[in-house]
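Just below is one structure, and these are the notes that go with it.
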Protein chains: 2
Amino acid sequence: MNKRITLADLAEKTGLNVSTVSRALSRPNRVSTETRQLVQKVATELGYAVNIVARNLSRGTSDTILVLAPSFSGQAISPVFTQILLGVCEEATSLGLRVMLQQCLDQTLSANDVIQSLRAGVADSALIVAAQNWMPSLDREPDEESLPVVSIMKDLTAEGLTSVTTQEADGFVAIVDHLLRRGHKRFAYIAGPKEIKHEEIRYRAVCDRLTAHGYTDNLVRLEGGQFDMPSGVRAAERFLELPERPSAVICCSDALALGFLHVVQGRGLRVPDDVAVTGYDGMDYTGFTTPALTTVAQPTVEIGRVAVQALADLKCGRITRPRLVSLSPTFIPRQSS
Amino acid sequence: MNKRITLADLAEKTGLNVSTVSRALSRPNRVSTETRQLVQKVATELGYAVNIVARNLSRGTSDTILVLAPSFSGQAISPVFTQILLGVCEEATSLGLRVMLQQCLDQTLSANDVIQSLRAGVADSALIVAAQNWMPSLDREPDEESLPVVSIMKDLTAEGLTSVTTQEADGFVAIVDHLLRRGHKRFAYIAGPKEIKHEEIRYRAVCDRLTAHGYTDNLVRLEGGQFDMPSGVRAAERFLELPERPSAVICCSDALALGFLHVVQGRGLRVPDDVAVTGYDGMDYTGFTTPALTTVAQPTVEIGRVAVQALADLKCGRITRPRLVSLSPTFIPRQSS
DNA sequence: TTGTAGGCGTTATCAA
DNA sequence: TTGATAACGCCTACAA
């Protein structure tokens, strides 16, 4: 790679001063028409590219969003996060921001860690995805300026973070109503990790809705363990051992549902005739299982975009107090229920 | 966020010179024991964090890898890329490097664009994922220093880029051999995008292997269009119209296979009895379809890790000429064939 | 409109 | 071992 072209080179070549060249490039209207044109011509001739690092140091910014996404020990990122990431990247690009990705092994994130990263100057705002255990900063005054950090998929407004989530309860209410309309009376709920907040919200939504319709003792809860397919398999095995099998199974993720389907179909049960199954997330494969899986699609890409916008709003002071943005999911009834 | 703590602050507090403080922190052994301890103590007391931007400017590096990954207009990133990304992040972290993610809309990447990014200083090396159309730099001498760029999933050694790929042909040879052993004699191949190089390699591998076994006119090629599930659906519809249906269908991606399965099962065909189906990629859902899908798993995470290592080797001069690293995929026979 | 000069926070060179 | 000083490349008052 040839030597870097700097503003000094352009200055020399044009006979102008470095500051003039700088202005011509970054504030074109603060300079005469001819200097501007001259500078731009020479700049493209020489293939000039600003040194972002130098600019950032000078300006004290970095125009970079740090994205912290959990990856469960060796496991892939959840496809949900991948989609969110896409939305984040799209919106960031359209705002002229860069995205720095950092996978973190567990879901415990300390505010101090994030603050440390921001202080280091590699990013000037952060997005934390599905941070189950957010540890607020120890040494902060209560009414200190709020951090340029937005939480995705997890409501952390109580901890002072603007958050973007899905209205999960709505999704599960839609599922329950749908199953009730179909005439089901006995239900199973296949749970994900117990310690996770989503889990609580989802389970509670299902319980409450059933109770509201007068079905109080009609719900069996089966522990999946994780949100993944092997967990669905394990849950299915326990399901098959139940003395009286529920006729409808509500899985709290598509992956669980797929694992469940795999097992019960393998044992000869017909879906939905013998047992109806529903998922949650809206993974693309749900439309192509046999039978196609009823599910609730999360507005993943939009979540990513909205989160970046919230970050921008925070930075320019348009958001001052922690705010919760909760997007609606879409119920997708299909043949499995 | 409180004012940033700088080296100057530490210098003032300790009564030492800025340069000494800097050394105490970055080259602890080039400084007396007591200064080192003093500086470290004060640094933690004040919560000092180096300003990476300033350091980078001074050192002329950025310790950042730019990852360019294609996202097909609004579509999510392929799960394959997601896994690769995980490997990249893991390896980068363990080498103390940061990862900057940039999604690009089409698969045409110009060397000049990448060079531009590198010149800007935001990254000092780049990983390009599945770059179907790499346009080499126009203004480079042939024996110029090679770019710190590694291509993933696509062999660009001819263009001067060290590349990390999968031995795709091997994967498809394994599939063909497996199907032949199972006694199949007539085959269909469901293709992805025609213009893509992978496609050629895969199709050729299948053709050659069949020919080598004396099956010359026994292969029907059906165009999927894309690598995704809806394309598998379309291909299946064309498959069903064939006058004489092949007994084995080789899909060049798992997504195509899933879409295909969905349709033919919906029409009452039994898999694998009426038609055997195979996929490619090793997506996690393949183990949980009914029947489970025979496929070939790509060593995705490893690809990511190896690519980052190659980048490191390039930078420290351990790789001087473009090199191809091709990893072996794993054949996974299951119930669908 | 343009030029001068200082600063952003670190690192590296060269003396002391 | 430490300290002064000059980069690194760009931006921005302020002055001309």
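Sequence lines set the chain letters: A, B, ... in the order given, protein chains first and strands last, and positions in each chain run from 1.
A straight line from CG of A/L57 to P of D/dT12 spans 13 Å, rounded to a whole angstrom. A straight line from CD of B/E12 to P of D/dG3 spans 15 Å, rounded to a whole angstrom. Rounded to whole angstrom, the span from the CG atom of A/L25 across to the P atom of D/dG9 amounts to 16 Å. Whole-Å rounding puts the A/R30 CZ to D/dT12 P distance at 10 Å. A straight line from CG of B/L10 to P of C/dT11 spans 11 Å, rounded to a whole angstrom. One atom, CD1 of A/I5, and another, C1' of D/dC8, lie 16 Å apart when rounded to the nearest Å. Straight-line distance from the CG atom of A/N56 to the C1' atom of D/dC11: 12 Å, rounded to whole Å. B/R55 has its CZ atom 13 Å from the C1' atom of C/dA12, to the nearest Å.
The nucleotide whose nearest atom lies closest to any side-chain atom of A/R59 is, among D/dG9, D/dT12, C/dT11, D/dT12.
Both B/S58 and B/T20 lie near DNA chain D, and the one whose nearest nucleotide falls closer to the 5' end is B/T20. Heavy-atom nearest nucleotides on DNA chain D were determined for A/N51 and for B/N29, and the one closer to the 5' end corresponds to B/N29.
A close approach under 4.0 Å does occur between a side-chain nitrogen or oxygen of A/S22 and OP1 or OP2 of D/dC11. Checking the phosphate oxygens (OP1, OP2) of D/dG9, no side-chain nitrogen or oxygen of A/Y48 falls inside 4.0 Å. Taking 4.0 angstrom as the limit, A/T35 places a side-chain polar atom (N or O) nearer than this to OP1 or OP2 of C/dT2. Phosphate contact (OP1/OP2 of D/dT2, side-chain N/O of B/S32, threshold under 4.0 Å): present. Listed pair A/N17 / C/dT4 meets the phosphate criterion, a side-chain N or O lying under 4.0 Å from OP1 or OP2.
Counting any heavy atom pair closer than 4.0 Å across all strands shown, A/R27 reaches sugar-phosphate atoms only and no base atom. Here B/S19 lies in heavy-atom contact (under 4.0 Å) with a base. The residue B/V53 sits apart from the nucleic acid: no heavy atom pair falls under 4.0 Å. Contacts of A/L7 with the nucleic acid, taken as non-hydrogen atoms under 4.0 Å apart, involve only primed sugar atoms and P, OP1 or OP2.
Taking OG of A/S19 as the reference point, atom CG of A/L7 lies at 9.5 Å (rounded to 0.5 Å). Here OG of B/S22 is found 8.0 Å from CZ of B/R55. Values are rounded to the nearest 0.5 Å. For the atom pair CG of B/N17 and CZ of B/R23, the computed distance is 8.0 Å after rounding to the nearest 0.5 Å.
Residues B/M100 and B/I65 fail the side-chain proximity criterion, which asks for heavy atoms closer than 4.5 Å.
Of the listed residues (A/T157, A/V150, A/V149), just one forms a side-chain contact (heavy atoms from CB on, under 4.5 Å) with A/S163, and that residue is A/T157.
For the residue pair B/E90/A/Q103, the side-chain donor-acceptor check at 3.5 Å is not satisfied.
Side-chain to base pairing of B/R23 with D/dG3: one donor and one acceptor N or O lie within less than 3.5 Å of each other.
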